[in-house]
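So the structure is just underneath, and the comments pick up after that.
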2 protein chains.
Amino acid sequence: MKKKAIINNSPACQTKMQAIRDAMSVLSGKWKFHILGTLIKGSKLGFMDLMREVDGIGSKMLSKELQDLEMNHLISRTVMNTKPVTVEYSITEYGKTLSPLIDALANWGIEYRQSVHGKEASGFCRS
Amino acid sequence: MKKKAIINNSPACQTKMQAIRDAMSVLSGKWKFHILGTLIKGSKLGFMDLMREVDGIGSKMLSKELQDLEMNHLISRTVMNTKPVTVEYSITEYGKTLSPLIDALANWGIEYRQSVHGKEASGFCRS
DNA sequence: CAGGATCCGGGGCGATACTG
DNA sequence: CAGTATCGCCCCGGATCCTG
């Protein structure tokens with residue numbers, strides 16, 4: 001056997017790598033998970049509600065991320081005909097698919113913070 | 001009840017949001033999941049092995065991401081004293097903690113691609 | 001209230017070349 | 001082989017102001 005035993009370039013593996021790329025293309029960005037997480041636990045939120053819940057986000061980024069998520073059918077946007085226009089955002093059935101993933105992420109984050117043992121857990125940085 | 005019913009600012013929720021932030025601070029970046037996924041299924045990989053497995057990455061980014069991951073104790077780096085220097089990267093026990101998360105991400109990515117029904121699944125983009 | 005317009009900096013990320 | 005050095009693009013993302 002001359003073959004250098006490339007670890008694993010089986011179709012299944014290639015597919016998995018591709019899958020990660022696909023998921024990342026939809027979920028990348030600083031706020032996607034926060035927004036989705038917020039909408040998953042509390043449906044029917046307005047723009048301002050989200051601004052309050054997703055701590056630190058600005059209106060521009062929120063607007064942008066919401067558009068991305070809507071384009072990928074993870075959330076739905078409904079304009080209400082109220083006095084000053086109001087909009088309701090909610091998670092779609094398809095968006096709920098991400099619930100386990102987000103929970104897993106959050107749970108890992110919790111354990112991570114504990115593993116760093118109280119110290120600031122904002123991740124170590126180069127230099 | 002005057003309170004506007006802020007959806008959920010319970011401690012548990014704040015914690016979850018913080019957890020997501022923590023996790024993101026460690027896992028953000030274009031290649032982290034790919035590298036981790038690769039190292040989880042095939043331990044003891046060299047730099048070149050990773051270059052081959054993680055399709056599309058350049059040596060600079062690979063080096064950078066590897067440093068990040070090592071700093072957070074998700075992978076371990078071992079310099080072998082061979083002829084031309086060789087390095088072995090492997091996932092740590094703690095890094096394996098991410099296995100379910102990565103699987104969940106990959107699986108979701110697969111379903112996502114199918115849901116887009118064959119069409120290119122690189123995510124929709126604004127204009 | 002919901003968001004667009006504009007300005008702007010930093011850095012994520014890539015390509016190429018070079019070293020021990 | 002395993003990176004580092006250098007260069008530079010682009011776009012993420014924040015601040016501020018403005019509109020219907």
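Every chain is numbered from 1 and lettered A, B, ... according to where its sequence line falls, protein lines coming before strand lines.
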So, using side chain to side chain donor-acceptor pair (under 3.5 Å) as the criterion, who are the partners of Thr86(B) when residues are at least two apart? Thr82(B)

Round to a whole Å and report the spacing from CG of Leu69(B) to P of dG3(D). 13 Å

Write out a two-atom table: protein N or O, nucleotide N or O from nucleotides 17-20 of chain D, distance below 3.5 Å.
none

Touch check for Lys83(B), heavy atoms < 4.0 angstrom, all strands: base, sugar-phosphate only, or nothing? nothing

The answer to which of Trp31(A) and Tyr89(B) contacts DNA chain D further toward the 5' end, by nearest nucleotide, is Tyr89(B)

Which nucleotide, dA2(C), dG3(D), dG4(C), lies nearest any side-chain atom of Val87(A)? dA2(C)

Residues in salt bridge (Lys or Arg N to Asp or Glu O under 4.0 Å) with Glu88(A), at least two apart? Lys44(A)

Does the side chain of Thr82(A) get closer than 4.0 angstrom to OP1 or OP2 of dC1(C) through an N or O atom? no

Give the rounded distance in Å between these two atoms: NZ of Lys64(B) and P of dG11(C). 11 Å

For Met48(B) and for Lys60(B), locate the closest nucleotide of DNA chain D by heavy-atom distance; then report the residue assigned to the nucleotide nearer the 5' terminus. Met48(B)

Within this structure, what is the CG-to-C1' distance between Leu62(A) and dA15(D), rounded to whole angstrom? 16 Å

Distance below 4.0 Å between Gln67(B) side-chain N/O and dG3(D) OP1 or OP2: no

Between atom CE in Met61(B) and atom P in dG11(C), what is the gap in whole Å? 14 Å

Does any pair with a residue in residues 34-71 of chain B pass ring-ring contact (aromatic ring centres under 6.0 Å, His included), and if so which ones, sequence neighbours excluded? Trp31(B)-His34(B)

Strictly by side-chain hydrogen bond (donor to acceptor under 3.5 Å, both in side chains), give each pair with a member in residues 96-107 of chain A just once, sequence neighbours left out. Glu93(A)-Lys96(A), Asp103(A)-Lys16(B)

Contact list for residues 26-40 of chain B, test salt bridge (Lys or Arg N to Asp or Glu O under 4.0 Å), sequence neighbours left out: Lys32(B)-Glu65(B), Lys32(B)-Asp68(B)

May I ask you to test the Leu69(B)-Leu39(B) pair for a side-chain heavy-atom distance under 4.5 Å? no

